[in-house]
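Okay, structure first, notes after.
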Amino acid sequence: MFGLVDCNNFYVSCERVFQPRYEGRPVVVLSNNDGNIISRSAEAKALGLRMGDPYFQVKPLLQQHNVTVFSSNYALYGDMSRRVMWYLGQSAPGVEIYSIDEAFLDLAGMEKHLGSLDAFARKIRAGVKARTGIPTCVGVAPTKTLAKLANRIAKKNPDLGGVLYLDNAARRAWALGQVAVGDVWGIGRQYAQKLTAAGIDTAADLARVSDTWARKHLGGVVGARLVQELQGRPCAGLHPSEDGTLARQSISCSRTFGRPLAAFADVQAAVASFLSRAAEKLRRQNDTAHVLTVYLSKNRFATNVLPPFSRSATLTLPSGPTADTTVLLSYARAMLSRLWEPGTLYHKAGVVLDGLEPPGTGQQLSLFEKPASIPNKREEKSLKVDRPGLMASLDALNQRFGRGTVRVASTVLPPAPGGRPVPAPWEGKAQWRSPAYTTRLEDLLIVR
DNA sequence: TCTGGGGTCCTAGGACCC
DNA sequence: TCTGGGGTCCTAGGACCC
């Protein structure tokens, strides 16, 4: 059996923990750059606000109904998530952190122990609420896909008390009939359209299609597994998250710029800044990366811009895997020059680190590179700097004194005439950001 | 004026290898 | 006239997730 614990309206709920006056009132949280709605309270959903709505489009509606708006505060959400996950880790034998606000629980064999998984799920739910203030729903079922489905039904039907346990075939059949095919985990817009056109409208209909049909029309083996899981046959196990954190197979950092950029120097500094951040995440997870991708995007909403809206370059690092910001930067600069089209307005850039492995596993010297033990004169000079040590010091300083305290020079634009530092033009808006209550001493909540 | 960011898995085609 | 088969790696892109 699997449990799926999913936080309700997670970002909104995080804000409400520290500002309880927003309970019972419409609240939304916006994406980076205050661009789109990414979290909505139940009251905001009832007003017809949808996930992903651009802020500027729904602004009148928000004002009309006096909806409270927050910019996203990832320092807060990340820390609240850590607390929720820590508690889950204490409560279940195996936990797989699936996203910032969701985790699968391994409940194999626990029925015998506990008698009722329903009561257990309710206990977990109450425990998360008591310890963090975050409301959740819990679905329990024999496969991950069915646990997701059960969770969804629990969310939609408050009378269930936030928990649904699909313990027998009759309940499962009932549950499958409750859910539209487009709301099944793994069925997105494209597939939903295709399925309804073929007369498959509910999860129950989808559970009845043949393996061959699923393979042919739902992305091959992925679709076949999905159907099996709906039928109650598990195709995916639980991958426990070590020490309460999620190790990733790729790390990326990208941003839509605060305003469109046309100058190479600006975009280059932006890319350097994103890559520095990605490399920092990489080192925090104690990995090195062997593959680097850089991409540039134009404005995909502009009527005068033709696709492709994005160009990317991917490079397997000839010098082997690294976690050194300066090494990664030297490659990124060259890749950016290759992608650059003069006279273009760029809206967004990003970097991706792939081929992650722990340091020291697969060092590969390039054909033209001498091993570090016999350096030439120039290398001798650069080798005086202990790079891993340099990176560790950089991270330690930024950890202690705040992100960005010490930076690689290429992420900083030359000062304006008069010597004043230039604000980074790629940084976006965040007009309504709440304090980092739990991660910055100055932001600590004061209770009178 | 204004439209997010960070992930996963899978497939397909070309280059290259034996 | 006639031109293999099986494999890997790389790159790009599609579909999906939260």
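In what follows, chains carry the letters A, B, and so on, assigned in the order in which the sequence lines appear, proteins first and then strands, with residues in each chain numbered from 1. It should be emphasised that the depicted structure is a prediction, and the values quoted were computed from it without experimental measurement.
- Salt-bridge formation is not detected for the pair A:R407/A:E280: no Lys NZ or Arg NE/NH1/NH2 atom is positioned less than 4.0 Å from an Asp or Glu carboxylate oxygen.
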Working note: A:Y331 + A:S319, criterion side-chain hydrogen bond (donor to acceptor under 3.5 Å, both in side chains); need CA distance, chi angles, decisive distance, verdict.
CA-CA 10 Å; A:Y331 290 116; A:S319 54; 2.6 Å; yes

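- Looking only at side-chain heavy atoms (C-beta outward), A:D266 and A:L413 come within less than 4.5 Å of each other.
- Base pairing in DNA chain B gives the following stems of 3 or more Watson-Crick or G-U pairs, range against range and under 3.5 Å: B:5-18 with C:5-18.
- Looking at which nucleotide of DNA chain B each of A:K429 and A:V222 is closest to, the 5′-most match is held by A:K429.
- Protein chain A touches strand DNA chain B; the 5'-most and 3'-most nucleotides with an atom under 4.0 angstrom of its non-hydrogen atoms are B:dC2 to B:dC10.
- Checked against the 6.0 Å centroid threshold, A:W185 and A:F104 count as a close aromatic pair.
- Side-chain N or O atoms of A:S71 include one that pairs as donor or acceptor with a backbone N or O of A:Q431 at under 3.5 Å.
- Nucleotides C:dC18 and B:dC2 have their P atoms positioned 30 Å apart, rounded to a whole Å.
- Put simply, the side chain of A:D79 never gets that close to the backbone of A:T439: no donor and acceptor are under 3.5 Å apart.
- Between the side chains of A:R255 and A:S273, no donor-acceptor pair of N or O atoms lies under 3.5 Å.
- Taking the ring centre of A:F257 as origin, the terminal cationic atom of A:K348 falls outside the region bounded by 6.0 Å and 45° from the ring axis.
- A ring-centre distance under 6.0 Å is not found for A:Y346 and A:F264.
- In the region residues 182-192 of chain A, proximity to DNA chain C at under 4.0 angstrom, judged on heavy atoms, holds for A:V184, A:W185, A:G186, A:I187, A:G188, A:R189, A:Q190, A:Y191.
- Contact annotation for A:D34: no contact, since no heavy-atom pair falls under 4.0 Å across all strands.
- When heavy atoms are screened at a 4.0 angstrom cut-off, A:N33 is found touching no nucleic acid atom at all.
- Spacing between C:dT3 and B:dC17 at atom P, rounded to whole Å, works out to 24 Å.
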